[in-house]
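These notes are about the structure you will find just below.
Keep in mind that the numbers below use all heavy atoms, side chains included, and drop hydrogens, waters and symmetry copies.
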Amino acid sequence: MKQEIKKGQFLTKAQLYRLVSDKATSLGFNLLASNYRINALELAHEICLDLQIDIIDFNEPKICGILYRGRNNTTIGLNARRSATGKNFDCMHELIHYMFHEKDYYMCRSDAEDHMEWQANEGAAQFLVPYQSFIPNYCRLHDRFYMQTKPERAYQALILHLSQQYAVGELVIQYRLNQLSSEIVQYLDGVAVEDIEIISKQK
């Protein structure tokens, strides 16, 4: 049964992550896998057999994607000018709308700030770069990169490596590091990833 977030329902980060993690697990993904990687465009077809993905040259550069649920089919439109990793994130953003939200039409804009768009952005980040896999990977790779690379280059090299690993843009990795800073501190303090408390960021 589809679990929807009702219109206007506010969620904490912890509540949203629980919903998204449960959905990913139900679809067969191991959130603890060190080689975790999602192709959202392929996943879209697995979730919805009658779904069509169109690559569209939007005239408005701030439009990242659209979702339209019709009577007989569902369409996700992705901006042709976005990179492959950008399309991967945008497609997952629309899938969060599809899986959890009740409206039949959504337009994703890079400057959108309402709580439904926050849920779709944060949900897409958790689905594509789940903290359960990301935090151990980041902490393990951090030491390796800073030991092998000059400090001024280590950070960017690490961000690039993680973005390639998870098939998302570098800005998404930087965003995850910012959003998960409290959770990373817990892990470094010896808390098992399964026991990390998801803190803050309520919308």
TODO: Please round to the nearest 0.5 Å and tell me the distance separating atom CG of Leu27 and atom CE of Met99.
DONE: 7.0 Å

Task: side-chain contact (heavy atoms from CB on, under 4.5 Å) assessment of Val20 paired with Phe100 - done: CA-CA 9 Å; Val20 172; Phe100 297 111; 4.1 Å; yes

- [ ] Please round to the nearest 0.5 Å and tell me the distance separating atom CG of Leu67 and atom SG of Cys91.
- [x] 9.5 Å

Open item on the list: With a 4.5 Å cut-off on side-chain heavy-atom distances among I, L, V, M, F, W and Y, is there a chain of contacts connecting Leu188 to Leu177?
Closed with: yes

Open item on the list: Test side-chain contact (heavy atoms from CB on, under 4.5 Å) on Asp54 and Leu78; report intermediate values, then the result.
Closed with: CA-CA 6 Å; Asp54 292 333; Leu78 301 174; over 6 Å; no

Task: Rounded distance [0.5 Å steps], CZ in Phe58 versus CE in Met107 - done: 7.0 Å

Open item on the list: For Tyr105, does the six-membered ring have the charged nitrogen or CZ of Lys103 within the cation-pi criterion, i.e. under 6.0 angstrom from the centroid and within 45° of the normal?
Closed with: no

Task: Heavy-atom pair with the smallest gap, counting every atom of Gly77 and Ile56 - done: CA-CD1, 3.9 Å

TODO: Flag yes if Leu160 and Tyr146 sit in one hydrophobic cluster, no otherwise; membership is Ile, Leu, Val, Met, Phe, Trp, Tyr, and two members link when side-chain heavy atoms are under 4.5 Å apart.
DONE: no

Open item on the list: Does Phe29, at its CZ atom, have more than 12 non-hydrogen atoms belonging to other residues, nucleotides or ligands within less than 6.0 Å?
Closed with: yes

- [ ] Check Ile96 against Ala124 and note the closest heavy-atom contact, atom names and distance.
- [x] CG1-N, 3.6 Å

Task: Co-membership, hydrophobic cluster, residues Leu171 and Tyr131, 4.5 Å side-chain - done: no

Task: Where Phe134 and Leu180 come nearest, the two heavy atoms and their spacing - done: CD2-CD1, 3.8 Å

Open item on the list: Test your reading of the model: is there a side-chain donor-acceptor pair from Gln186 to the backbone of Glu197, 3.5 Å cut-off?
Closed with: yes

Task: In one Ile/Leu/Val/Met/Phe/Trp/Tyr side-chain cluster, 4.5 Å: Val185, Tyr17 - done: no

Task: Considering all heavy atoms, the nearest Ala120-His101 contact - done: N-CE1, 4.4 Å

Open item on the list: Closer than 3.5 angstrom, by distance alone: can the side chain of Ser21 be matched with the main-chain N or O of Arg18 as a donor-acceptor pair?
Closed with: no

Task: Heavy-atom side-chain contact between Val172 and Leu128 under 4.5 Å - done: no

Task: Working for side-chain contact (heavy atoms from CB on, under 4.5 Å), residues His142 and Leu158 - done: CA-CA 7 Å; His142 180 276; Leu158 177 55; 4.1 Å; yes

- [ ] Tell me whether Leu32 is reachable from Ile196 by hopping between hydrophobic residues (I, L, V, M, F, W, Y) whose side-chain heavy atoms are closer than 4.5 Å.
- [x] yes

Task: For the student: nearest non-hydrogen atoms of Tyr36 and Asn30, plus distance - done: CD1-O, 3.3 Å

TODO: Would you tell me whether Gln119 and His97 have side-chain atoms, one donor and one acceptor, within less than 3.5 Å of each other?
DONE: no

Open item on the list: Working note: Glu102 + Arg69, criterion salt bridge (Lys or Arg N to Asp or Glu O under 4.0 Å); need CA distance, chi angles, decisive distance, verdict.
Closed with: CA-CA 10 Å; Glu102 57 188 3; Arg69 268 190 285 241; over 6 Å; no

Open item on the list: Just verifying a value: how many Å separate Ser182 OG and Lys13 NZ, rounded to the nearest 0.5 Å?
Closed with: 6.5 Å

- [ ] Any chance you could measure Thr25, atom OG1, to Gln132, atom CD, to the nearest 0.5 Å?
- [x] 7.5 Å

TODO: Please check if atom CZ in Arg153 has more than 12 non-hydrogen atoms from other residues, nucleotides or ligands closer than 6.0 Å.
DONE: no

Task: Intermediate values then yes/no, side-chain contact (heavy atoms from CB on, under 4.5 Å), Gln126 and Glu122 - done: CA-CA 6 Å; Gln126 169 60 14; Glu122 193 72 27; 5.9 Å; no

- [ ] Answer yes or no: is there a donor N or O on one side and an acceptor on the other, between the side chain of Asn88 and the main chain of Ala40, under 3.5 Å?
- [x] yes

- [ ] Answer yes when Glu183 and Arg176 have at least one side-chain N-carboxylate O distance shorter than 4.0 Å, and no when they do not.
- [x] no

Open item on the list: Ignoring hydrogens, what is the shortest heavy-atom contact between Ser34 and Asn137? Give both atom names and the distance.
Closed with: O-ND2, 3.1 Å

Task: Rounded distance [0.5 Å steps], CD1 in Ile38 versus CZ in Phe127 - done: 5.5 Å

- [ ] Would you check if Cys139 and Ile184 make a side-chain contact, meaning some heavy-atom pair closer than 4.5 Å?
- [x] yes

